[in-house]
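Scope of the values below: all heavy atoms of this structure, side chains included, with no hydrogens, waters or symmetry mates. Letters A, B, ... mirror the listed sequences (proteins, then strands); counts begin at 1.
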Amino acid sequence: MAIRYFNTLTREKDEFKPISGMHVGLYTCGPTVYDYAHIGNWRTYLFEDILRRHLEYRGFVVKHVMNITDVDDKTIRGTKAKGITLDEYTEPFIKAFFEDRDALDVEAASEYPRATRHVSEMVAIIKVLIDKGIAYKTEDGSIYYDITKFPGYGKLSHFRIEELKAGARVKSDEYEKAQVSDFALWKAWDEVDGNVFWETELGKGRPGWHIECSAMSAEYLGQPFDLHTGGVDNIFPHHENEIAQSEGAMGRKFVNYWMHSEHLRVDGRKMSKSLGNFYTLRDVEAKGYDPMVFRYLVMGAHYRSKLNFTWQAMETAKTTIANLYEFMGRLDRENSTGLDDAVQRATVAFGEALDDDLNTPMALAAVFGLVKEVNIHGKGGREVFDAMVSFDRVLGLRLAERAKSVSVEVPEEIEKLLSEREQARKSRDFAAADRLRDDIIAAGYVIEDTPQGPRVKPA
RNA sequence: GGCGACGUACCCAAGUGGUAAGGGAGAGGUCUGCAAAACCUUUAUGCGGCGGUUCGAACCCGCCCGUCGCCUCCA
């Protein structure tokens, strides 16, 4: 059973084969911690989580590295505005990032290297690039990468250098670059940088954005490594530049498979900080949604499709996932068996859907197919429950945990009202029974009259 | 201007040459004292439009319309 992933480098679904057996090196571009991550960012991190969980589901051992960009123009600006240190400024956003990650049940990466802690590794690469004549220093002390010295430039984004020059919006009067499309490896210190700088062999300054990923990926995963991911807007220039830096310096391939997730949109447009049309996970939670609802919403669309975020879609996802939890709760209370075939079919369909470039919508269809079979036949408790839990190793929807929570204990007084109602029903005093039912509903609970007797749960 | 993507039912969304997955909503039904919940059934001769290729097209090709992304920090 081959796993195929769409590789941005080849623009094909390539069969995935790691460099060393069952071990996979995965590098995912992480947050720039100048603010809270928005749910568009989280769509990408969720895609990466599904990718990683799928690999693990298929038996691979994944070393996952996610960088934290804790120095850039925006963090420096924030630091100056508040008159604090860079670390003091970024810390709360790093903390918030991890909180959101846990709320969404995104698996923790093996490493979260921070740019500010790896400046010396970046300097080392820049020195190699200078020695090789690929990078050059300008009068103000900044260092740029000369893209004409790297023949493969543009192989990821499929842009050609000549086309870039024609770009109407590139500011040609900025700095002293030899060419407008050359990019900064090292930015010489300027007054606006305040207390943010490193004294290095390259001079006083700070690293450019792209170099951190080249340095930290090599540090933790070596070169080449298997998989590198990010949002589509990272393809150019960020990832293109990483390739130029790493392959230019080391003289060998950087990454075998590149995967990129599409944008989350709002009102038909890309959700972004600069457009101001974004929501954070905190906004979603403030509206009363379980973060799992957003997680489900994201999996409802393929990662390479644009997904429009609406509150109506959230409502739909909320209903769907609530139904799934209810289903799990029912399974958990039953012990019948006899659906081996259906479980087997669903397991195969589920795996094949994911093996085909992480087709989560199709994988979910397999899950619902099993749900339907169970409902029709009215059997298949434990074995189906276990199958669902194994699917959840990839889905990460907390199915087992929520199955318990839907059968949560209700307060004694509610139980009392319920048994009183049952008494009234038995003596056919329906007026009294309905009054008691209204009382229970008013207390925030709902009654389900099943053939096995009534159940009460929080509304 | 260059490069690229998308347009599938009321909504969301798979499917990329063999006769339209799945979820939500709606409708009908089973169960129920009545409800609710749950469950079952059902809902696109059609996939932006017009041509073309093919035995056969949502899927391939061309043109057109519409929307969006990258080329600038961006997931």
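Straight-line distance from the CE atom of A:Met271 to the P atom of B:C73: 22 Å, rounded to whole Å. Between the CE atom of A:Met328 and the P atom of B:A38 there is a distance of 17 Å, rounded to whole Å. Protein atom CD1 of A:Ile440 is 19 Å distant from nucleotide atom P of B:A35, rounded to whole Å. Remark: C1' of B:A21 and CG of A:Leu370 are 16 Å apart, rounded to the nearest angstrom. The nearest whole Å value for the distance from the NZ atom in A:Lys270 to the C1' atom in B:C70 is 8 Å. Rounded to whole Å, atom P of B:G22 lies 17 Å from atom CZ of A:Phe350. Taking atom CG on A:Asp449 and atom C1' on B:A37, their separation rounds to 8 Å, with Å as the unit. Following rounding to the nearest Å, A:His263 (NE2) and B:G4 (P) show an atom-to-atom distance of 17 Å.
Distance from the side chain of A:Arg421 is smallest for B:C34 among the nucleotides B:C34, B:A13, B:C71. Picking from B:A13, B:G33, B:G2 the nucleotide with the shortest atom distance to the side chain of A:Ala301 gives B:A13. In this structure, of B:G2, B:G24, B:U41, it is B:G24 that holds the atom nearest to the side chain of A:Thr320.
When heavy atoms are screened at a 4.0 angstrom cut-off, A:Ala313 is found touching no nucleic acid atom at all. Counting any heavy atom pair closer than 4.0 Å across all strands shown, A:Leu297 reaches no nucleic acid atom. Here A:Gly230 lies in heavy-atom contact (under 4.0 Å) with sugar-phosphate atoms only. Across all strands shown, A:His238 has no heavy atoms under 4.0 Å from either base or sugar-phosphate atoms. Across all strands, A:Thr319 comes closer than 4.0 Å only to sugar-phosphate atoms, never to a base (heavy-atom distances). Within 4.0 Å (heavy atoms only), A:Leu307 reaches sugar-phosphate atoms of the nucleic acid but no base atom.
The side chain of A:Arg269 places an N or O atom within less than 4.0 Å of a non-bridging phosphate oxygen (OP1 or OP2) of B:G69. Phosphate proximity of B:G23 to A:Asn323: absent, as no side-chain N or O sits under 4.0 Å from OP1 or OP2. At the phosphate of B:G15, OP1 or OP2 sits under 4.0 Å from a side-chain N or O atom of A:Asn359. Taking side-chain N and O atoms only, A:Lys372 has no distance below 4.0 Å to OP1 or OP2 of B:G23. Residue A:Lys306 has no polar side-chain atom (N or O) positioned under 4.0 Å from OP1 or OP2 of B:A13. Residue A:Ser305 places at least one side-chain N or O under 4.0 Å from the OP1 or OP2 atom of B:A14. Between A:Arg77 and B:C73 there is no side-chain N or O to OP1 or OP2 distance below 4.0 Å.
Annotation: cation-pi pair A:Arg304/A:Phe6 present, NZ/CZ under 6.0 Å from the ring centroid and within 45° of its normal. Geometric assessment of A:Arg330 against the ring of A:Phe327 yields a negative cation-pi assignment under the 6.0 Å and 45° thresholds. For the pair A:Lys318 and A:Tyr289, the cation-pi test (distance below 6.0 Å, angle within 45°) is passed.
One can find a donor-acceptor pair under 3.5 Å joining the base of B:C34 and the side-chain atoms of A:Arg437. Residue side chain A:Asp429 does not reach the base of B:G33 through any donor-acceptor N/O pair under 3.5 Å, judged by distance alone.
In this structure, the aromatic ring of A:Phe368 is not positioned over the six-membered ring of the base of B:G22 within 5.5 Å between centres and 30° between planes.
Using modelled atom types, one side-chain atom of A:Ser427 and one backbone atom of A:Ala424 make a donor-acceptor pair closer than 3.5 Å.
For the P atom pair drawn from B:A27 and B:A20, the interatomic distance equals 27 Å after rounding to whole Å.
Nucleotide B:A38 has B:U30 as its partner under the Watson-Crick or G-U criteria, with both atom distances under 3.5 Å. Of the nucleotides present, B:C68 is the one that pairs with B:G4 by Watson-Crick or G-U wobble criteria, both distances under 3.5 Å. B:C73 is unpaired under the Watson-Crick or G-U wobble criterion, no partner having all donor-acceptor distances under 3.5 Å. Pair check for B:G18 finds B:C55; Watson-Crick or G-U wobble, both atom distances under 3.5 Å.
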For A:Asp72 and A:Arg77, what are the C-alpha separation, side-chain angles and deciding distance, and is it a salt bridge (Lys or Arg N to Asp or Glu O under 4.0 Å)?
CA-CA 9 Å; A:Asp72 80 316; A:Arg77 204 178 303 146; over 6 Å; no
Take A:Tyr27 and A:Phe225 through the test side-chain contact (heavy atoms from CB on, under 4.5 Å) and record every step on the way to the result.
CA-CA 9 Å; A:Tyr27 187 92; A:Phe225 62 94; 3.5 Å; yes
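Checked against A:Tyr303 for a side chain to side chain donor-acceptor pair (under 3.5 Å), the options A:Asp357, A:Thr229, A:Thr360 give a single hit: A:Asp357.
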